[in-house]
Amino acid sequence: MRDHSELTSLLTDWLPRQRWFAGKGRPGAAIRIRQDVAVSDLLRHLVVEVDYADGGPADFYQVPVVIRLEAPYGHEGFLIGRSSSGLVYDGLHDPHGAAAVLDFLAGGRRHGTLAARALAPLSAMPAHSVGAEQSNTSIVYGEHYILKVFRRLWPGVNPDLEVTRALAEAGSAHVARPLAWLDGELADPGQPEPEGVTTFAFLQEFLRSGTEGWKLALTSVRDLYAEGDLRADEVGGDFAGEAERLGVATAEVHTLLARCFPTAAVDAESLKATASHLHARLDAALTGVPELAPFEPAARGAFDALAATESAPPLQRIHGDLHLGQVLRTDTGWVLFDFEGEPARPVPERRRLDSPLRDVAGMLRSFDYAAQSMLLERQNEGERGLGYHAREWAERNREAFLAGYRAGSRLDLDAQAVTLRAFELDKAVYEVLYEARHRPSWIEIPLGAVRRLTQSHPPLPTGSAAA
Ligand SMILES: Nc1ncnc2c1ncn2[C@@H]1O[C@H](COP(=O)(O)OP(=O)(O)O)[C@@H](O)[C@H]1O
Ligand SMILES: O=P(O)(O)O[C@H]1O[C@H](CO)[C@@H](O[C@H]2O[C@H](CO)[C@@H](O)[C@H](O)[C@H]2O)[C@H](O)[C@H]1O
């Protein structure tokens with residue numbers, strides 16, 4: 001198309017500044033528009049390829065755009081740039097652009113390489129985007145639907161769609177109902193399409209009674225910090241009951257996933273493979289964050305201990321990036337969402353069978369994050385001496401979550417201490433790298449955890465009895 005050279009130059013400046021741009025730190029990003037589909041009179045759906053000077057694999061992103069001759073009120077933050085055809089906006093943040101996506105989904109039609117698949121009748125609703133953009137962009141329609149648009153595209157079915165659909169069809173009360181999705185081809189002439197279709201976006205029921213676990217946890221931490229003399233179990237905002245129910249919900253989701261998808265018994269070979277994967281992730285993190293170096297020998301020891309462990313639950317499909325920001329407390333209980341796995345890992349890796357204890361470890365790390373992030377905030381305000389309360393809150397909720405998980409799964413978690421510690425450490429190492437790239441002022445949270453976890457010998461207690 002005639003305006004591609006202009007759009008390419010605008011995107012070259014705009015794309016690397018987006019939170020979800022994964023190529024930060026990679027040299028010489030060169031952008032090419034690979035697909036341009038007119039979804040409506042206003043909305044154009046672009047698929048953009050980014051190649052790097054390091055010769056490593058290219059990344060693909062989707063950038064729906066709207067071009068307007070005049071600037072509508074309140075659109076400043078979503079301007080990609082000015083072209084000779086008009087002002088180019090991020091189409092997902094433009095109300096008419098977002099409405100065009102819903103209309104397309106409701107129609108269940110195909111436009112060029114893009115196809116809409118609807119599982120239920122959909123009605124037009126006003127659109128607004130949600131919160132801070134992280135790995136993706138989410139749009140809420142009225143109070144009924146939420147659409148997640150996967151910004152970085154990986155060939156194949158997105159695990160969020162795949163897993164949520166399977167759980168919903170199996171009758172799980174712990175997921176939001178899937179309503180529609182958008183898929184297409186990720187044209188890459190150099191390579192055969194591995195999975196046929198690529199998921200671009202996923203529409204689910206919007207749970208209006210839902211409050212994010214992260215927000216609830218922070219409220220509880222705030223309560224405890226405000227009541228300097230009280231213990232965590234004495235303050236009104238105690239979270240332990242919720243943490244325990246969350247543990248039960250997580251176990252129920254795991255049980256259902258083990259029924260819906262294949263599982264595999266763990267043997268010496270697979271344990272060795274898991275440990276070498278953890279070593280490789282540590283290698284990558286050490287390259288990116290040299291501050292991890294002092295902890296390397298002890299971390300390697302913890303991963304080797306995992307390779308030698310004698311008991312581990314079977315491998316199965318899991319959530320893959322479970323934390324308090326991925327769960328909603330609704331009127332009817334806890335709901336898990338974003339079954340995408342860690343956004344930085346290639347999708348084929350995220351769809352592999354894995355240990356359910358990875359999810360457990362992810363949530364344990366999140367209790368530490370909730371307590372410590374609030375501490376960071378308070379210490380910036382000059383309030384010191386809350387460290388004891390932070391550890392107390394994290395420990396209490398971690399134990400409650402484990403008690404719930406134990407009750408729901410009937411897994412002997414005490415026998416899993418070595419595995420759980422290795423996964424917690426691996427998650428903390430991942431988080432160090434994640435924070436270094438996206439939120440450097442928080443890096444001390446996971447670094448502190450790496451420090452603690454590499455010092456703890458014997459392994460940290462994992463049962464409610466050890467609280
Ligand atoms: N079904 C839902 N109902 C209500 N809110 C939701 C639902 N699914 C996700 N959310 C909210 O939307 C936000 C973004 O969703 P998420 O899948 O985590 O995107 P990202 O991958 O960018 O983190 C979350 O913070 C969550 O609070
Ligand atoms: O929600 P995403 O799929 O985008 O996950 C990524 O971002 C998360 C939040 O920034 C990050 O989670 C880390 O911070 C959370 C608090 O904001 C904390 O509860 C988690 O324990 C911690 O890992 C996640 O790791 C990353 O993949």
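When a ligand or atom number is given, it counts from 1 through the structure's own listing order. Note that the numbering runs from 1 along the sequence shown for the chain.
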query = Does Lys148 reach ligand 1 with a nitrogen or oxygen that is under 3.5 Å from one of the ligand's nitrogen or oxygen atoms?
reply = yes

task = Determine whether the side chains of His174 and Glu252 contain a donor N or O and an acceptor N or O closer than 3.5 Å.
result = yes

inquiry  = Using a strict threshold of under 4.0 Å (side-chain N to carboxylate O), is an ion pair present between Glu424 and Arg452?
reply    = no

ask   = When the aromatic ring centroids of Tyr61 and Trp20 are compared, is their separation below 6.0 Å?
value = yes

query = For ligand 1, which atoms sit closer than 4.0 Å to a heavy atom of Ser135?
reply = 22 (O)

key: Ligand-side contact atoms (ligand 1) for residue partner Ala176, heavy atom cut-off under 4.0 Å   = 1 (N)

task = Measure Asp338 to ligand 2 on non-hydrogen atoms and call it side chain, backbone, both or neither using the 4.0 Å cut-off.
result = side chain

Nearest-contact summary for atom 9 (C) of ligand 2 - protein heavy atom, Å = Gln134 NE2, 3.6 Å

ask   = For Phe239 and Asn397, which heavy atoms make the closest approach, and how far apart are they?
value = C-OD1, 3.2 Å

key: Worked verdict on Gln35 versus His45 for side chain to side chain donor-acceptor pair (under 3.5 Å)   = CA-CA 8 Å; Gln35 286 178 34; His45 182 270; 5.4 Å; no

message = Salt bridge or not between Asp283 and Arg300? Use side-chain N to carboxylate O under 4.0 Å.
response = yes

key: Heavy-atom nearest option to atom 13 (C) of ligand 2, drawn from Arg439, His323, Glu340   = Arg439

task = Could you pull out, from Leu328, Leu207, Asn136, the option with a heavy atom nearest to atom 7 (C) of ligand 1?
result = Leu328

query = N/O to N/O below 3.5 Å, does that happen between Trp214 and ligand 2?
reply = no

query = Going by the atom numbers of ligand 2, which of them fall below 4.0 Å from some non-hydrogen atom of Tyr430?
reply = 25 (O), 26 (C), 27 (O)

task = Count the heavy atoms of every other residue, nucleotide or ligand shown that sit under 6.0 Å from NE2 of His279, and state whether that count exceeds 12.
result = yes

ask   = Would you say the side chain of Val432 lies within less than 4.5 Å of the side chain of Ile443, judging by non-hydrogen atoms?
value = yes

query = Quick one: nearest non-hydrogen protein atom to atom 7 (O) of ligand 2, plus distance?
reply = Tyr434 OH, 2.8 Å

message = Walk me through whether Glu444 and Arg451 qualify under salt bridge (Lys or Arg N to Asp or Glu O under 4.0 Å).
response = CA-CA 10 Å; Glu444 192 41 47; Arg451 199 174 298 125; 3.2 Å; yes

key: Of the listed options Ile146, Leu336, Val175, Val335, closest to atom 8 (N) of ligand 1 (non-hydrogen atoms)   = Ile146

query = For ligand 1, is there an atom lying under 4.0 Å from some heavy atom of Glu205?
reply = yes

ask   = Taking N or O atoms only and a 3.5 Å limit, does Ser135 qualify as a polar contact for ligand 2?
value = yes

Region of Glu342 engaging ligand 2 - heavy atom pairs below 4.0 Å = neither

note = In short, Ala98 meets Tyr141 closest at the heavy-atom pair O-OH, 2.6 Å

inquiry  = Yes or no: does Gly210 have any heavy atom under 4.0 Å from an atom of ligand 1?
reply    = no

message = I need the contact type for Glu212 against ligand 1. Using non-hydrogen atoms and a strict under-4.0 Å cut-off, is it side chain, backbone, both or neither?
response = side chain

request  = Tell me which one of Asp160, Thr330, Asp338, Val140 gets a heavy atom nearest to atom 20 (P) of ligand 1.
outcome  = Asp338

query = Roughly how far, to the nearest 0.5 Å, is CZ of Arg365 from CG of Asp426?
reply = 11.0 Å

inquiry  = Quick test of your reading of the structure: of Trp20, Phe206, Phe150, whose heavy atom lies closest to atom 5 (N) of ligand 1?
reply    = Phe206

task = For atom NZ of Lys24, decide whether the heavy atoms of other residues, nucleotides or ligands shown that lie under 6.0 angstrom number more than 12.
result = yes

remark   = ligand 2 to Arg19, heavy atom cutoff 4.0 Å, flagged ligand atoms 10 (O)

inquiry  = Applying a heavy-atom cut-off of 4.0 Å, say which part of Gln326 lies close to ligand 2: side chain, backbone, both or neither.
reply    = side chain

key: Per atom 14 (C) of ligand 1, closest listed option by heavy atom (Ser138, Gly213, Ser209, Pro178)   = Ser138

ask   = When you measure from atom 21 (O) of ligand 2 to every protein heavy atom, which one gives the shortest distance, and what is it?
value = Ser366 CA, 3.3 Å

inquiry  = With heavy-atom distances below 4.0 Å as the criterion, list the atoms of ligand 1 near Gln326.
reply    = 18 (O)

task = Check whether any side-chain N or O of Arg329 sits under 3.5 Å from a backbone N or O of Glu212 as a donor-acceptor pair, and report yes or no.
result = no

query = Among protein heavy atoms, which lies nearest atom 22 (C) of ligand 2, and at what distance?
reply = Glu431 OE2, 3.5 Å

inquiry  = Below the 3.5 angstrom mark, is there an N/O of Asp321, backbone or side chain, next to an N/O of ligand 2?
reply    = yes

ask   = Out of Lys427, Arg350, Arg358, which residue meets the side-chain hydrogen bond (donor to acceptor under 3.5 Å, both in side chains) rule with Glu342?
value = Lys427

remark   = What one should report as the nearest heavy-atom pair of Pro297 and Pro294 is CD-O, 3.8 Å

query = Does Gln372 approach ligand 2 within less than 4.0 angstrom via side chain, backbone, both or neither, non-hydrogen atoms only?
reply = neither

